Trainee: 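Here you go, one structure.
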Amino acid sequence: MSARTGCGAAGEALIGQELKFSGWVHRRRDHGGLIFIDLRDRSGLLQVVFNPEVARDAHDLAHGLRAEYVIEVSGSLGRRPEGTENPGIPTGRVELYAQRLAILNEAAPLPFGLEDQDTSETLKLRHRYLDLRRPQMQKNLIARHRAVKAIRDYLDSEGFLEIETPMLTKSTPEGARDYLVPSRVNPGQFYALPQSPQLFKQILMASGYEKYFQVARCFRDEDLRADRQPEFTQVDIETSFMDGDEIMRITEGMLAAAFHQVLDIEIERVPFERLSYKEAMERFGSDKPDLRIGREICDMAGPAQKGSFKVFLDAIEKGGRVLGLRGIGMAGLSRKEIDDLTNSVKEMGAKGLAWIKIKSGPGSPITKYDSPIAKFFPEEALREMAGKLKAEDGDMMLFVADSEKTAQAVIGKLRLELGKRYPVDFKEDEWRFCWITDFPLLEWDEEEGRFTAVHHPFTSPSDPDVPRIMDGDINDKELLSSLKAKAYDVVLNGCEIGGGSVRIHRQDLQSRMFSMLGISAADAQMKFGFLLEALQYGAPPHGGLALGLDRLVMLMCGAESIRDVIAFPKTAKAADLMSGAPSGVEPKQLRELHIKLDVPAAEEGGQ
RNA sequence: GGGGUGGUAGUUCAGUUGGUUAGAACGUCGGCCUGUCACGCCGAAGGUCGCGGGUUCGAGCCCCGUCCACCCCGCCA
């Protein structure tokens with residue numbers, strides 16, 4: 001009777017036994033005579049009954065119990081009297097009849113109730129240790145643990161080795177802004193915290209480890225979002241001698257294992273559906289399509305050209321697009337609702353929203369097109385539009401006309417919004433994975449006046465593009481824009497959860513890649529010299545993938561933000577409200593680092 | 001860097017056109033209560049209206065600035 005039993009483990013099988021429990025006072029109901037305590041530990045809740053006729057001392061002591069006191073209580077587990085069962089909790093058919101009570105620690109009144117639903121984010125983060133006591137948060141972190149364990153076990157069974165790479169690394173200006181760490185013993189020099197272990201994992205392939213993975217913390221000094229933290233965790237994978245297909249298969253197996261272990265869900269549709277980047281943009285207006293939503297985007301250039309609506313004709317004239325979307329059952333929308341939609345479309349970057357309602361006349365089967373722009377189109381064009389969109393009576397057709405980039409982006413977002421707001425064809429509880437492949441290798445960066453890598457500079461071009469790159473003119477914008485990458489993203493329910501590529505393993509191609517990116521040979525040598533060097537000494541073909549663990553677990557838990565699956569997250573200003581980081585430091589520390597501050601005194605911050 | 005929303009009791013919020021003593025619920029504290037499970041009943045305490053300045057006879061409310069939190073754009077794979 002000395003061992004501790006978990007509250008959640010108290011079931012009918014243990015009835016009649018003398019047991020010991022310890023945990024937190026979740027709720028108390030003091031009737032003066034009988035006292036009921038809901039005792040909470042990691043495993044669940046258990047009702048404890050203090051009865052003066054059973055144990056006078058324990059009952060007297062129990063009067064002093066308050067929320068979140070830490071107690072140890074022992075007694076016999078019994079079946080609840082008929083009619084007092086609580087179907088709301090898993091242990092609701094039993095209760096503990098307390099014989100002995102020990103208060104292990106008292107608790108001051110809490111700044112917020114653990115069960116309050118609307119506690120402000122500030123308060124929860126300030127007292128994260130309390131927030132983390134909430135059963136939901138514990139469930140999330142337990143799910144996270146299970147997911148990581150499932151992934152580790154799976155990769156281990158596939159012959160992968162987990163190898164750690166340094167946290168203090170070399171700064172590489174490509175990509176995101178680095179978090180810098182000053183070096184005390186090298187005055188004026190800095191390490192960077194890794195944005196990812198990218199270069200190291202490639203080096204490990206050159207070193208012959210063949211299959212590497214790591215649950216790796218990564219750091220990026222960029223502005224935050226609900227699904228973005230300054231430090232986050234990637235399941236980082238790299239393999240030698242595998243092509244993209246094989247890496248995708250490993251990833252699918254890994255995700256299937258995680259979903260099986262954590263949620264007891266068997267992922268259907270394996271292998272995952274694959275879409276080229278072009279197709280994803282064309283059908284869904286996004287490179288991370290949410291396939292749970294049925295409706296797709298349609299090109300409306302054909303029927304648009306049969307009409308005289310200037311906005312449409314101009315867009316096409318300028319090489320842009322007219323894209324349409326079916327608004328299922330939206331013919332009844334009020335003018336105000338349409339105005340609201342128009343406004344949100346404008347916020348997304350479009351100039352406006354064109355719409356046509358399809359209605360039957362009262363008591364008449366004749367289709368009417370109700371719209372300020374219907375007059376610009378012959379009946380035949382309107383019918384063609386409806387046909388393409390599969391729009392029927394009671395629907396509304398929505399159109400965005402703009403440059404291809406804007407039109408696709410806007411109507412893609414509109415698709416998500418309508419899919420979720422009018423969820424006729426939105427299967428919310430499905431798990432829809434897909435791969436996006438055939439990404440462009442490079443994209444023009446207006447700001448920098450050069451091409452940048454869409455994935456990263458170590459991504460291999462597609463096989464047919466290799467001779468075009470080696471023999472072609474690297475200043476040829478047409479050529480550079482047309483190159484395809486051996487890169488692939490894995491998308492779940494409209495959320496990019498990972499991405500990877502086959503890497504360049506030949507030194508000459510990698511050097512050529514740097515020139516295309518406008519990185520001089522000297523610069524490349526300075527920044528990535530060790531990689532270029534390693535590629536010279538027998539580097540195998542290799543490639544891999546990085547999975548965003550926080551996002552994946554967030555989706556698995558149905559959480560709104562990755563903060564809910566990270567034990568100690570930071571705010572939108574990258575602050576830790578609990579510990580008070582970041583903060584100023586002692587002048588002595590700065591002197592040792594040879595650092596002088598250049599900030600107005602008021603902004604230096606305290607300790 | 002830009003835009004939006006919010007900040008009033010420990011917590012979540014209400015607070016009229018600028019007008020007397022800033023309210024409610026929950027929580028807390030005290031009392032009563034032997035089948036509750038959001039226990040119930042009675043009573044009490046609890047406020048620098050984020051901070052600084054301004055307008056006004058008078059500011060929780062209007063104006064300017066600033067800080068913090070959240071969301072979005074830019075940025076970020």
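Source: prediction; values computed, not measured. In what follows, every chain begins at residue 1, and chains take the letters A, B, ... in the order their sequences are listed.
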Trainee: For a quick check of understanding: with a heavy-atom distance under 4.0 Å over all strands, which category does A:Arg563 fall into, base, sugar-phosphate or nothing?
Mentor: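 Since only primed, P, OP1 and OP2 atoms lie under 4.0 Å of A:Arg563, the category is sugar-phosphate.
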
Trainee: Report the base-pairing partner of B:U48 (Watson-Crick or G-U wobble, both distances below 3.5 angstrom), or none.
Mentor: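 In the structure as shown, B:U48 has no Watson-Crick or wobble partner.
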
Trainee: Considering every strand and a 4.0 Å limit on heavy-atom distances, what is the contact class for A:Arg220: base, sugar-phosphate, or nothing?
Mentor: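 Touches sugar-phosphate only.
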
Trainee: So what's B:C41 paired with, Watson-Crick or G-U wobble, going by both distances under 3.5 Å?
Mentor: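 WC or wobble partner is B:G31.
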
Trainee: Could you state the CG-P distance from A:Leu224 to B:A69, rounded to the nearest angstrom?
Mentor: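 From A:Leu224 CG to B:A69 P: 11 Å.
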
Trainee: Can you tell whether the side chains of A:Arg551 and A:Asp227 come within less than 4.0 Å, N to carboxylate O?
Mentor: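 Yes.
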
Trainee: I'd like the C1' distance from B:C51 over to B:C42, given in whole Å.
Mentor: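 That atom pair is separated by 41 Å.
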
Trainee: When you get a sec, tell me which of B:U11, B:A69, B:A77 is the closest nucleotide to the side chain of A:His455?
Mentor: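 Per side-chain heavy atoms of A:His455, the pick is B:A77.
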
Trainee: Quantified in whole Å, what is the C1' atom distance between nucleotide B:U56 and nucleotide B:A14?
Mentor: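 Rounded to whole Å, the distance is 26 Å.
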
Trainee: Over 60° means perpendicular and under 30° means parallel, so classify the ring planes of A:Phe272 and A:Phe433, tilted if in between.
Mentor: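 Because their plane-to-plane angle is under 30°, the rings of A:Phe433 and A:Phe272 count as parallel.
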
Trainee: Starting from C1' on B:C70, measure out to CZ on A:Arg126 and report it in whole angstrom.
Mentor: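 For the pair A:Arg126 CZ and B:C70 C1', the rounded distance is 18 Å.
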
Trainee: CD of A:Gln117 versus P of B:C13: gap in Å, rounded?
Mentor: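 Atom CD in A:Gln117 sits about 12 Å away from atom P in B:C13.
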
Trainee: What is the nucleic acid contact for A:Gly498, judged by heavy atoms within less than 4.0 Å: base, sugar-phosphate only, or nothing?
Mentor: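 Nothing, no heavy atom under 4.0 Å.
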
Trainee: May I ask you to decide whether A:Glu222 forms a salt bridge with A:Arg220, counting only side-chain N to carboxylate O separations under 4.0 Å?
Mentor: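 Not counted as a salt bridge, because no side-chain N and carboxylate O are separated by less than 4.0 Å.
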
Trainee: Between B:C57 and B:C73, how far apart are the two C1' atoms, rounded to whole Å?
Mentor: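 After rounding to an integer number of Å, I get 47 Å for this pair.
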
Trainee: Which comes earlier along RNA chain B counting from the 5' end, the contact point of A:Thr119 or that of A:Ser561, where each point is its nearest nucleotide?
Mentor: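 Closest to the 5' end, via its nearest nucleotide, is A:Thr119.
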
Trainee: Please report, rounded to the nearest Å, how far the P atom of B:G10 is from the NZ atom of A:Lys124.
Mentor: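 After rounding, the gap between these two atoms is 20 Å.
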
Trainee: On RNA chain B, check which nucleotide each of A:Arg228 and A:Ala574 is closest to and give me the residue with the more 5' one.
Mentor: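 First, find each residue's nearest nucleotide; the 5'-ward one identifies A:Ala574.
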
Trainee: Is any side-chain heavy atom of A:Glu106 closer than 4.5 Å to one of A:Arg66?
Mentor: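 Side chain of A:Arg66 against side chain of A:Glu106, heavy atoms only: no contact under 4.5 Å found.
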
Trainee: Could you tell me whether A:Lys351 and A:Asp402 have a side-chain N and a carboxylate O separated by less than 4.0 Å?
Mentor: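 Result for this pair is yes, salt bridge flagged.
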
Trainee: Are the charged groups of A:Lys288 and A:Glu496 less than 4.0 angstrom apart, N to O?
Mentor: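 No salt bridge links A:Lys288 with A:Glu496.
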
Trainee: Could you identify the nucleotide paired to B:A25, looking across every strand shown and requiring Watson-Crick or G-U wobble geometry with both distances under 3.5 Å?
Mentor: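 Checking every strand shown, B:A25 finds its partner in B:U11, with both distances under 3.5 Å.
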
Trainee: For B:C62, which nucleotide in any strand shown is its Watson-Crick or wobble partner with both distances under 3.5 Å?
Mentor: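 Pair assignment: B:C62 / B:G54.
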
Trainee: Phosphate oxygens OP1/OP2 of B:C68: is one of them under 4.0 Å from a side-chain N or O of A:Thr122?
Mentor: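 A:Thr122 to B:C68 OP1/OP2: no side-chain N or O under 4.0 Å.
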
Trainee: Looking only at side-chain N and O atoms, does A:Arg503 offer a donor or acceptor that is under 3.5 Å from a partner on A:Ser501?
Mentor: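 Judged by distance alone, the side chains do pair up.
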
Trainee: Would you call A:Asp38-A:Arg29 a salt bridge at under 4.0 Å N-O?
Mentor: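 Salt bridge: yes.
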
Trainee: Using the P atom on both, measure B:G1 against B:U66 and round to a whole Å.
Mentor: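 Between the two P atoms, the distance is 12 Å.
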
Trainee: How far, in whole Å, is B:G54 from B:A59 if one measures between their C1' atoms?
Mentor: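 The answer is 11 Å between these two C1' atoms.
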
Trainee: Closest to the A:Asp116 side chain: B:A69, B:C71, B:U11?
Mentor: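 The answer is B:U11, which lies nearest to the side chain.
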
Trainee: Can you check the distance between B:C68 and B:G18, where both ends of the measurement are the C1' atom (answer in whole Å)?
Mentor: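 Taking atom C1' in both B:C68 and B:G18, they lie 27 Å apart.
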
Trainee: Rounded to whole angstroms, how far apart are CG on A:Asp221 and C1' on B:G74?
Mentor: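 Computing the A:Asp221:CG to B:G74:C1' distance gives 15 Å.
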
Trainee: Taking OP1 and OP2 of B:C68, is either one under 4.0 Å from a side-chain nitrogen or oxygen of A:Lys573?
Mentor: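 Checking A:Lys573 against B:C68: at least one side-chain N or O falls below 4.0 Å of OP1 or OP2.
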
Trainee: At under 4.0 Å between heavy atoms, what does A:Asp223 touch on the DNA or RNA strands: base, sugar-phosphate, or nothing?
Mentor: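 It contacts base atoms.
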
Trainee: Write down the distance between NZ (A:Lys346) and P (B:G3), rounded to a whole number of angstrom.
Mentor: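 Computing the A:Lys346:NZ to B:G3:P distance gives 20 Å.
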
Trainee: So, A:Arg274 and A:Glu279, do they make that salt bridge, N to O below 4.0 Å?
Mentor: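 No, A:Arg274 and A:Glu279 are not salt-bridged.
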
Trainee: Is B:A69 paired to anything, Watson-Crick or G-U wobble with both distances less than 3.5 Å, and if yes, which nucleotide?
Mentor: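 Its partner is B:U5 (Watson-Crick or G-U wobble, both distances under 3.5 Å).
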
Trainee: Just how far, in rounded Å, is C1' of B:C72 from CD of A:Glu222?
Mentor: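 The answer, rounded to whole Å, is 16 Å.
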
Trainee: Starting at the 5' end of nucleotides 27-40 of chain B, put B wherever the base has a protein heavy atom under 4.0 Å, S where only the sugar-phosphate does, and a dash everywhere else.
Mentor: --SS--BBBBB-B-

Trainee: Determine: side-chain N/O of A:Ser120 to OP1/OP2 of B:U12, distance under 4.0 Å, yes or no.
Mentor: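 So the side-chain polar atoms of A:Ser120 do come within 4.0 Å of the phosphate oxygens OP1 or OP2 of B:U12, strictly under.
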
Trainee: Check the distance between B:A77's P and A:Leu442's CG and give it to me in whole angstrom.
Mentor: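 Value for this atom pair: 15 Å.
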
